[in-house]
Amino acid sequence: MNQPESDDGLFDHCPWLYAEQASQAQRAAQERRRKRLLAGAGTVRLGEGCFVAQTAAVYPDHLDLGDRSYIAAHAYVTGDIRTGADCTINPFTVVRGTVTLGDGVRVGAHSSLLGFNHGTAPDLPVHRQPVTSRGITIGDDVWIGSHVVVLDGVTIGDHCVIGAGAVVTKDLPAWTMAAGNPARRIRDRRDPREAGPGSGAEGSAAPASAAAGTALPGSAVGEGAVPGNAAEDGAVPGGAAAAGAAPRGGDQRNADDVFGHASRAPHGVPPRPAGTPALVEALSAFAGAARAQAVDVLDRCWRPDTRRYADRPGAEPTVRAQCDAVEIADLLLGDAPPHLPAAEHVARLRGLQDPATGLIPEYGAPPPLPGPAGVPDDGAAAYHVLCVGYALDLLGSSFAHPVHAVRRTTADQLVPHLAKLPWHDRAWHAGAWVDSWATAAHWNLRLGAEAAAPGALEALFGRLHTRVDRRTGMWGSPTPRDGHLQMVNGYYRLTRGSFAQFGLPVPYAERVLDTVLDHAHDPRHFAPGRENACNILDVIHPLWLCGRQTTHRSEEARSWAAAQLTAALRRWHPGRGFAFGPAPDGTGPGRDPGLQGTEMWLAIIWLLADVVGVADALGYRPRGIHRPEPALPG
C-alpha cells in the first residue's frame with residue numbers, strides 16, 4: 001500500500017497499522033507529536049513504539065503509556081492514566097480520572113472509562129459538588145467492546161471480555177465474559193462455547209439480538225466480530241445481547257454475581273494452580289452461607305439503645321465497630337449496614353473528625369492530641385485514620401478535612417521520630433505508627449491537599465529503604481520471648497500503609513519470604529489452638545504481597561496458605577461470624593465472635609485463597625483496609 005508522505009488520518013483511526021506501514025515522514029510527524037506531549041503541562045512517559053493520534057485530545061495530569069500502546073483518533077484522555085504494553089484506546093474513546101490498564105487491553109470505539117465521580121449531596125448544585133476518584137483498574141488481556149461504560153471504583157480482572165454497550169458498575173473476576181446494563185456475567189471465557197445448561201456456563205447460548213450489535217461466531221466482520229479483526233472492537237463473541245440483557249434480580253450480590261478477581265501474577269510468574277474441586281466447593285459454600293447470615297452477624301452487635309455498633313454483645317460501642325460493620329456489609333451485602341441509612345453512616349463518621357487536627361476520637365472522648373510527628377504514637381485515634389477513612393471510602397464519601405496533624409509534619413520532625421520508634425522490642429507498634437502516618441498522607445492526597453510538608457513523604461520512604469535489614473527484608477529485630485512475631489507483625493502494618501497502599505515494590509522480597517515462612521512454623525504462635533486473626537493476617541499479607549514480585553518459595557507459601565485456609569473455614573460461627581482468636585498477651589477481643597474478628601477473617605480468607613489460586617470461588621474481594629490493589633498507585 002502506498003502511503004502519502006503526510007499523516008492523512010489513516011493511522012489516527014487504525015493505529016495498529018502504524019508500526020508496519022508508516023513512512024519516514026509520518027514517523028517524523030508522530031515524533032513531533034510525542035515531543036509536544038512530553039513538553040505539555042502533565043507528566044508524560046511514552047514507551048517504545050507508542051502512537052498517539054494527532055486528533056486525540058490528550059491532556060493528562062499523568063500519562064504512562066506502555067510499549068506499543070496506542071491512543072486513536074478523537075479519544076479524550078485526562079487525569080492519571082497508566083497502561084501496560086500493547087494497549088489500544090480506540091477512536092472516540094473517553095478515558096478520564098484515575099485509570100490503570102494492564103498489558104494487552106483493547107478498548108473499543110466510543111467507550112468511556114470514567115475513573116471519577118461527582119458528589120450528589122442535596123445542599124449543593126451538581127456543578128459545585130466535590131469530585132472524587134476511587135479509580136478504575138483493568139487487568140491483563142482484557143477486551144472491552146464498543147460503547148461500553150466502566151464506572152469509577154470498578155476492577156476488571158485479567159482475561160475478561162466486555163460486550164458492546166455494557167455498563168460495568170461492579171467488579172468482574174478474571175476470565176469473565178459480561179454484557180448488559182448493568183453488566184452481568186454471561187459465562188467463563190475458558191468454558192466451551194457450546195456448553196450446555198449443566199456445565200455451569202450460564203447464558204452460554206447466544207441470543208441473536210441485532211439491537212445490541214452482538215456478532216455471532218462466523219458472522220460478517222465489523223466492529224462486532226471476533227477478536228483479531230482490523231477494528232479490534234466489538235461485542236462478546238457468542239455472548240448475550242449487551243443492550244438487551246436484563247439485570248439479575250434478587251440480592252445485590254448473589255453467589256454467582258461477579259465482583260472479585262484473581263490477582264495478576266508478576267511478570268514471569270507461572271499461573272497458580274486452580275485448587276482442588278473440593279476446596280473450591282467449600283469456599284463457595286462458605287461465602288454463600290456468610291452472605292445469607294451477614295445481617296444476623298450485624299444484628300447481634302447493634303445496640304438499639306445507643307444506635308451504635310459494639311464489637312460483640314456486652315461490649316461498649318466503638319468507632320471501630322461501626323467501621324468493621326461497614327466493611328462486612330460491603331463485602332457480603334454490597335451495601336451499607338442495614339441499621340442506618342448510608343447517609344447517616346457517612347454523617348456520623350465524618351462528624352467525628354476534629355477540624356483542627358483531622359484526627360478522630362473515640363465516641364465521647366475529647367479530640368486526640370497529635371504526636372511529635374503528626375499522629376499519636378498509639379491508641380484508637382491512630383487506627384481510626386485507617387478504619388474511618390476506608391469506611392467512608394466504601395460508603396462513597398471521604399473525610400471532611402485533611403489530616404492536618406500529618407499535613408503539617410516536616411521531614412525534620414518525621415525522621416527523628418522514626419528513629420525513636422521502638423523497633424528493637426516493639427516492632428509491631430513502630431510499624432503500626434508508620435501505617436497510620438502514611439495512611440493519613442494518602443487521605444490528604446486523595447482530598448487534593450499536600451500529603452505532608454514538602455519532602456516529608458519522600459523522607460519516609462527514604463528512611464525505610466535505608467534502614468531495612470537486608471538479611472531479613474524487615475525493620476526491627478527478633479525478641480527472645482516472641483521470636484519473629486513483633487518483627488513480622490510490624491512488617492505487615494508498615495508495608496500495608498506505605499509500599500502496598502502507594503503501589504510500590506517492597507525491598508528484598510525473597511528475604512522477606514524466608515523470614516515470614518520461618519516465623520509461620522513457630523509453634524509458639526501457630527500451634528493448633530493458638531492462631532489468631534492478627535498473626536495469620538500478618539503472615540499471609542507479606543506472602544501475598546511479596547509473591548507478586550517473585551516466585552521464591554512459592555510452593556511452600558501455597559502449601560501453608562492451603563492448610564490455613566481449610567482451618568479458617570471451620571472457624572465460622574453460624575449467625576455470629578468469626579472470633580478474633582486467642583492472644584497470649586490479652587490483646588484482641590478473644591474467642592467470642594464479633595465484628596473485628598469477622599472483618600479480619602473475611603479478608604484473611606480472601607488472601608489465603610488468592611495465594612492458593614482459588615479466590616474467585618468466594619465471589620467477594622476486599623475493597624477497604626485490606627484491599628489488594630494500591631489505594632494510590634505510584
Side-chain angles (χ1 to χ4, degrees), residues 1 3 7-40 42-58 60 62-95 99-109 111 113 136-146 148 150 156-162 223 225-234 264-269 633-634:
M1 180 186 295
Q3 301 293 340
D7 188 347
D8 62 355
L10 170 65
F11 302 131
D12 274 20
H13 290 82
C14 305
W16 49 89
L17 301 177
Y18 172 80
E20 295 184 358
Q21 298 186 12
S23 66
Q24 289 302 313
Q26 290 163 335
R27 295 181 192 279
Q30 179 60 200
E31 184 59 28
R32 291 192 293 273
R33 171 67 161 149
R34 288 173 63 99
K35 289 179 179 178
R36 287 197 300 273
L37 287 170
L38 293 171
T43 303
V44 176
R45 189 196 75 84
L46 302 177
E48 294 295 325
C50 288
F51 178 91
V52 180
Q54 300 286 345
T55 56
V58 182
H62 181 99
L63 173 64
D64 192 334
L65 201 61
D67 296 345
R68 302 174 303 281
S69 293
Y70 310 135
I71 299 176
H74 305 291
Y76 179 25
V77 178
T78 68
D80 187 346
I81 313 301
R82 302 163 192 265
T83 84
D86 302 300
C87 293
T88 296
I89 297 171
N90 271 301
F92 299 96
T93 293
V94 175
V95 183
V99 180
T100 301
L101 311 182
D103 295 331
V105 177
R106 291 323 209 217
V107 183
S111 289
L113 311 183
I136 292 170
T137 302
I138 298 176
D140 297 335
D141 179 37
V142 173
W143 177 20
I144 296 175
S146 295
V148 169
V150 181
I156 297 176
D158 300 344
H159 316 296
C160 286
V161 178
I162 313 300
E223 285 204 342
V226 295
N229 64 10
E232 296 184 300
D233 296 337
R264 190 186 320 159
H267 179 71
V269 176

Excluding sequence neighbours, so at least two apart, what forms salt bridge (Lys or Arg N to Asp or Glu O under 4.0 Å) with R27?
none
Non-hydrogen side-chain atoms of L63 and L46 separated by less than 4.5 Å
yes
Just so I know, are the side chains of C87 and D103 near enough to count as touching, which here means a heavy-atom distance under 4.5 Å?
no
Euclidean distance, I138 CD1 relative to I156 CD1, rounded to 0.5 Å
4.5 Å
Distance, nearest 0.5 Å, that separates OG1 of T93 from CD1 of I144:
9.0 Å
With side-chain contact (heavy atoms from CB on, under 4.5 Å) as the criterion, how do F51 and T88 come out once you've worked through the C-alpha distance, each side chain's angles and the decisive distance to 0.1 Å?
CA-CA 9 Å; F51 178 91; T88 296; over 6 Å; no
Report yes if the side chains of V95 and L113 come closer than 4.5 Å at any heavy-atom pair, otherwise no.
yes
Contact between F11 and L17 at the side-chain level, heavy atoms closer than 4.5 Å - yes or no?
yes
Can you check whether V52 reaches V58 side chain to side chain, under 4.5 Å on heavy atoms?
yes
Quick check: does any side chain N or O of Q21 sit under 3.5 Å from a backbone N or O of Y18, one acting as donor and the other as acceptor?
no
Quick one, V161 and V142 - any side-chain contact, counting heavy atoms below 4.5 Å?
no
Distance col, row S69:OG vs I89:CD1, nearest 0.5 angstrom, shows 8.0 Å
Tell me every residue that passes side-chain hydrogen bond (donor to acceptor under 3.5 Å, both in side chains) with D141, counting only those two or more places apart in sequence or in another chain.
H159, R189
Side chains of L38 and R33 in contact at under 4.5 Å (non-hydrogen atoms):
no
Under a 3.5 Å threshold, yes or no: a donor from one side chain and an acceptor from the other, between T100 and R82?
no
Between I71 and V77, what is the shortest heavy-atom contact and its length?
CG2-CG2, 4.1 Å
Residues passing the ring pair (Phe, Tyr, Trp, His ring centres under 6.0 Å) test with H13, sequence neighbours excluded, are H74
E31: partners by salt bridge (Lys or Arg N to Asp or Glu O under 4.0 Å), with sequence neighbours left out:
R34
Mind checking salt bridge (Lys or Arg N to Asp or Glu O under 4.0 Å) for R32 and listing every partner two or more places apart, or none if nothing turns up?
none
Distance from L65 atom CG to R45 atom CZ, nearest 0.5 Å?
8.0 Å
Listed by chain and number, what are the side-chain hydrogen bond (donor to acceptor under 3.5 Å, both in side chains) partners of T55, not counting sequence neighbours?
D12
Would you indicate whether the side-chain heavy atoms of D80 and D64 approach each other to under 4.5 Å?
no
